[in-house]
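Just so you know, ligand 1 is whichever comes first in the structure, and atom 1 is the first atom listed for that ligand.
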Amino acid sequence: MNVYLDYSATTPVKPEVLDAMMPYLKDFYGNPSSLHSYGRENKKAMDTARDQVAKTFNAKPEEIFFTGGGSESDNWAIKGAAAALKTKGRHIITSSIEHHAVLHTCQHLEKEGFEVTYLPVDDQGIISIEDLKDSLRPDTILISIMYANNEIGTIQPVEEIAAIAKENKILFHTDAVQVYGHFQIDTQTLPVDMISVSAHKLYGPKGVGALYLRKGTKIHNLIHGGGQERKKRAGTENIAGIVGFGKAAEMAHENLDAHVKHLTELRDHLMQGILENIPNTRLNGHREKRLPNNVNVSFEFIEGESMLLSLDMVGIAASSGSACTSGSLDPSHVLLSLGLSHEMAHGSLRLTLGDQNTKEEIDYVLEQLPPIVQRLRDMSPLYETMKEGAR
Ligand SMILES: *Cc1c(COP(=O)(O)O)cnc(C)c1O
């Protein structure tokens with residue numbers, strides 16, 4: 001059996017999304033900036049996609065800007081705000097468990113003379129509102145805190161953060177890449193200024209995303225050139241990608257409740273099955289304030305990488321840490337922020353679910369995983385020592 005459990009790394013493109021994209025790859029190849037009919041057709045398609053995405057945020061179409069994905073949206077929001085507000089202040093607040101697209105951008109700005117506070121998280125991965133309030137300064141210009149974490153699925157108190165930002169007249173950006181398509185984000189009720197999202201995490205194509213930019217929010221451009229995206233993001237538009245993104249966003253929000261219910265049931269079944277049947281195992285992240293599709297567990301006495309290879313041999317695709325950190329041997333900064341030891345951080349397994357997964361697949365994983373864990377532990381000298389001690 002083949003079971004894909006790495007939906008937080010990326011998702012397959014839905015057939016309906018691909019169908020919507022095809023004409024813009026095959027027939028309507030005009031440049032949307034051109035005045036002839038080839039271009040006009042594309043302009044219309046882009047307007048439709050912008051409406052579709054705007055609707056998912058309860059926003060106006062002119063508040064949606066298409067980008068080259070979640071990383072670009074994060075970079076644009078943070079660097080653009082920093083550049084626009086640097087005469088007002090140079091202090092930025094973020095968290096220690098952000099995606100690298102936020103973290104490395106902030107580190108880059110530190111080299112340019114900005115000061116960044118990286119809020120710590122508790123052992124469940126949640127920032128403290130008190131810490132946030134304490135870190136505010138007269139020169140704070142931006143708060144950037146992710147909506148939900150891509151590794152451990154923890155959801156931050158975004159409403160409270162947004163309220164504090166608003167009260168103190170500080171811009172608030174949230175990386176909502178992992179929440180988009182799982183929760184409704186209503187920009188009429190949530191006072192957030194900028195939101196980053198990405199198409200390929202919601203059954204759309206890779207290399208396209210959006211930045212929601214609340215009307216009146218002034219940030220500098222990241223990409224300079226032609227006048228596309230109302231002069232805010234240069235470059236000939238990725239029409240097919242944008243059309244696919246619009247379709248994927250619309251479809252995800254049509255079935256939000258049913259989708260989340262399906263995922264939550266599977267997640268709980270998987271989580272319980274692992275924690276109840278495999279000893280010396282820890283759940284990473286908050287039990288309830290958690291994405292409906294995320295299971296992240298650490299197994300004592302095991303290397304995550306060897307577990308991934310063993311799972312792959314029986315057809316199960318999972319990840320350890322995040323896709324960006326696996327491949328390197330550094331343990332995940334997110335797991336270390338929770339206070340995990342290097343050993344436990346290395347022994348982590350992330351299983352992220354999607355709408356193609358079934359109960360049978362989860363049962364298959366629950367049948368395959370325990371013997372793999374046992375076999376790897378039997379090879380571990382530390383495990384032997386632990387057993388000796390217990391005797
Ligand atoms: C995947 C991801 C990104 C990056 O999005 P890309 O479209 O792959 O650039 C940013 N933030 C989070 C939380 C993500 O999960």
Query raised in the report: Any side-chain donor paired with an acceptor under 3.5 Å for N284 and S298?
Result: yes
Query raised in the report: Does one side chain, of T140 or H91, offer a donor that lies under 3.5 Å from an acceptor on the other?
Result: yes
Query raised in the report: Quick one: which ligand 1 atoms are inside 4.0 Å of a heavy atom on G69?
Result: 7 (O)
Query - Nearest-contact summary for atom 2 (C) of ligand 1 - protein heavy atom, Å - result: K201 NZ, 2.5 Å
Query raised in the report: Of the listed options (T352, D175, V179), which comes nearest to atom 13 (C) of ligand 1 when hydrogens are ignored and any heavy atom counts?
Result: D175
**Report entry** Which segment of S198 sits under 4.0 Å of ligand 1 when only heavy atoms are counted
**Finding:** side chain
Report task. Examine the proximity of ligand 1 to H200 and report which part, side chain or backbone, both or neither, has a heavy atom under 4.0 Å away. Result -> side chain
Requested in this report: Starting from atom 3 (C) of ligand 1, locate the nearest protein heavy atom and write down its residue, its atom name and how far away it is, to 0.1 Å.
Outcome: H99 NE2, 3.5 Å
Query raised in the report: If Ile, Leu, Val, Met, Phe, Trp and Tyr residues are connected whenever their side-chain heavy atoms lie under 4.5 Å apart, and connections chain through other members, are I242 and L18 in the same group?
Result: no
Query raised in the report: If we only count N/O pairs under 3.5 Å, is G70 in contact with ligand 1?
Result: yes
Requested in this report: Would you tell me whether S319 and R350 have side-chain atoms, one donor and one acceptor, within less than 3.5 Å of each other?
Outcome: yes
Query - Side-chain donor-acceptor contact under 3.5 Å, D268 with Q272 - result: no
Report task. Report yes if some N/O of S71 lies less than 3.5 Å from some N/O of ligand 1; otherwise report no. Result -> yes
Report summary line: CG (N58) and OG1 (T189) are apart, to the nearest 0.5 Å, by 7.5 Å
